[in-house]
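Below you'll find the structure, written out as structure tokens, and then a few comments.
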Amino acid sequence: MKTLKSAILASVATVAIASAAAPAFAEDEAFLGGEISANVAITTDYRFRGVSLSGEDLAIQGGLDYAHESGFYVGTWASSMDDTFTYGETEFDFYAGFGGEVEGFSYDLGLLYYAYPSGHDGDYLEAYGSVGADLGVASATIGLAYAFSSDNTGNADNTYVYGDLESAIPDTPITLTAHLGYEDGWFDGKLDWSLGASVSYGGLDFGIAYVDTDIDADGYDATAVFTIGASF
């Protein structure tokens with residue numbers, strides 16, 4: 001459950017392509033009172049909170065998750081990136097959290113560690129939380145992510161607040177999504193937003209999203225992100 005990047009976690013449609021065969025453990029989902037799942041992806045532009053991290057080029061992505069029936073989960077996710085001195089060419093995320101439902105409201109709390117093994121001092125830790133509700137015609141989520149101040153963040157903390165809407169069109173396989181986020185800390189106030197649509201067919205997920213920010217610069221400007229993906 002890659003909440004911050006594939007749902008929330010953050011909010012932009014990712015383009016994915018299925019592998020030829022699922023991992024062996026996918027044949028038996030039950031494991032120690034929970035389930036294991038995996039996903040693979042290719043995206044036309046890896047956008048994180050509206051910002052391109054792949055140099056506005058293709059990125060290959062994939063993840064592995066374990067979710068316990070209690071609500072506890074742990075997982076990892078990785079993506080190729082535009083090669084830079086600080087972050088290198090690969091991102092690995094490691095996260096753990098707890099989710100559930102109380103009186104019709106869903107919740108999700110956790111910690112996420114961003115690791116850049118081929119970079120130089122780019123790693124950082126973030127805490128996140130979100131609350132969701134079914135509004136009938138759509139489901140809504142509001143959330144907050146907070147990165148702790150450290151040497152790798154320029155000794156400054158960072159806050160990201162966001163809201164998501166998702167609605168399935170009746171009698172069709174199409175789902176519509178909308179996202180709005182605001183980031184403060186590393187940026188002196190940055191807005192990002194996206195509008196998207198996705199459809200599942202033949203075991204694959206196809207999607208398209210319009211993504212933009214209020215910053216006029218390469219890697220921040222409006223773009224269309226195309227997706228095709230699968231999970232196991």
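For the single chain, residues carry numbers from 1 onward in sequence order.
- Rounded to the nearest 0.5 Å, atoms OG1 (T44) and CG (L58) are 7.0 Å apart.
- Here E183 contributes atom CD and D188 contributes atom CG; the two are 11.5 Å apart, rounded to the nearest 0.5 Å.
- The closest side-chain donor-acceptor pair between Y95 and D65 falls under 3.5 angstrom.
- Using a 4.5 Å heavy-atom cutoff, the side chains of Y220 and D192 are not in contact.
- Between the side chain of K190 and the main chain of R49, a donor-acceptor pair closer than 3.5 Å is present.
- Shown here is N155, whose CG atom has more than 12 heavy atoms of other residues, nucleotides or ligands within 6.0 Å.
- Atom OH of Y87 and atom CG of N152 lie 8.5 Å apart (nearest 0.5 Å).
- Considering all non-hydrogen atoms of both residues, H68 and G33 come closest at CD2-O, 3.6 Å.
- Y160 places none of its side-chain heavy atoms less than 4.5 Å from the side chain of F187.
- A distance of 13.0 Å separates CG in D108 from CD in E101, rounded to the nearest 0.5 Å.
- In this structure, W193 CH2 and L180 CG are separated by 8.5 Å, a value rounded to the nearest 0.5 Å.
- Of all heavy-atom pairs between W186 and N158, the closest is N-OD1, 2.8 Å.
- Nearest approach of V211 to G50, heavy atoms of both residues: CG1-CA, 3.9 Å.
- Ion pairing of R47 with D82 is absent here, as no side-chain N (NZ or NE/NH1/NH2) approaches a carboxylate O to less than 4.0 Å.
- The 12-atom threshold is not exceeded at CZ of F105, counting heavy atoms of other residues, nucleotides or ligands nearer than 6.0 Å.
- Between T86 and D121 the shortest heavy-atom distance is CG2-O, 4.3 Å.
- With N39 contributing its side chain and S231 its backbone, the two residues share no donor-acceptor pair below 3.5 Å.
- Using a 4.5 Å cut-off between side-chain heavy atoms of Ile, Leu, Val, Met, Phe, Trp and Tyr, with links allowed through other members, V51 and M81 fall into the same hydrophobic cluster.
- Contact of the T177 side chain with the H179 side chain is not registered, since no non-hydrogen atoms from C-beta on lie closer than 4.5 Å.
- Proximity of E91 to L53: side-chain heavy atoms (C-beta onward) are separated by under 4.5 Å at one or more points.
- In terms of hydrophobic clustering, with Ile, Leu, Val, Met, Phe, Trp and Tyr side chains grouped at heavy-atom distances under 4.5 Å, F98 and Y66 are assigned to a common cluster.
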Check residues 196-203 and write down every donor-acceptor pair under 3.5 Å in which the side-chain atom is one partner and the other belongs to a residue at least two apart or another chain.
unit_1, atom_1, unit_2, atom_2, d
S200, OG, D205, OD1, 2.5

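- In this structure, the side chain of D157 does not engage the main chain of S149 through any donor-acceptor pair within 3.5 Å.
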May I have the list of side-chain donor-acceptor pairs in residues 135-144 shorter than 3.5 Å, sequence neighbours left out?
unit_1, atom_1, unit_2, atom_2, d
S139, OG, E166, O, 3.4

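- Within the 4.5 Å cutoff, no side-chain heavy atoms of F148 are placed close to those of T153.
- Closest of all the heavy-atom pairs between S130 and Y162 is CB-OH, 3.5 Å.
- The line from CG of L125 to CG of L112 is 8.0 Å long, rounded to the nearest 0.5 Å.
- Counting heavy atoms from C-beta outward, Y113 and F92 have side chains that stay 4.5 Å or more apart.
- Both Y107 and F72 are members of a single hydrophobic cluster when ILVMFWY side chains are connected at heavy-atom separations under 4.5 Å.
- Judged as a ring-ring contact (aromatic ring centres under 6.0 Å, His included), and not counting sequence neighbours, the contacts of H120 are F85.
- No side-chain heavy atom of S80 sits less than 4.5 Å from a side-chain heavy atom of Y46.
- Heavy-atom minimum distance, L64 versus A38: CD1-CB, 4.0 Å.
- When atom types are taken as modelled, the side chain of S118 and the backbone of G88 share no donor-acceptor pair closer than 3.5 angstrom.
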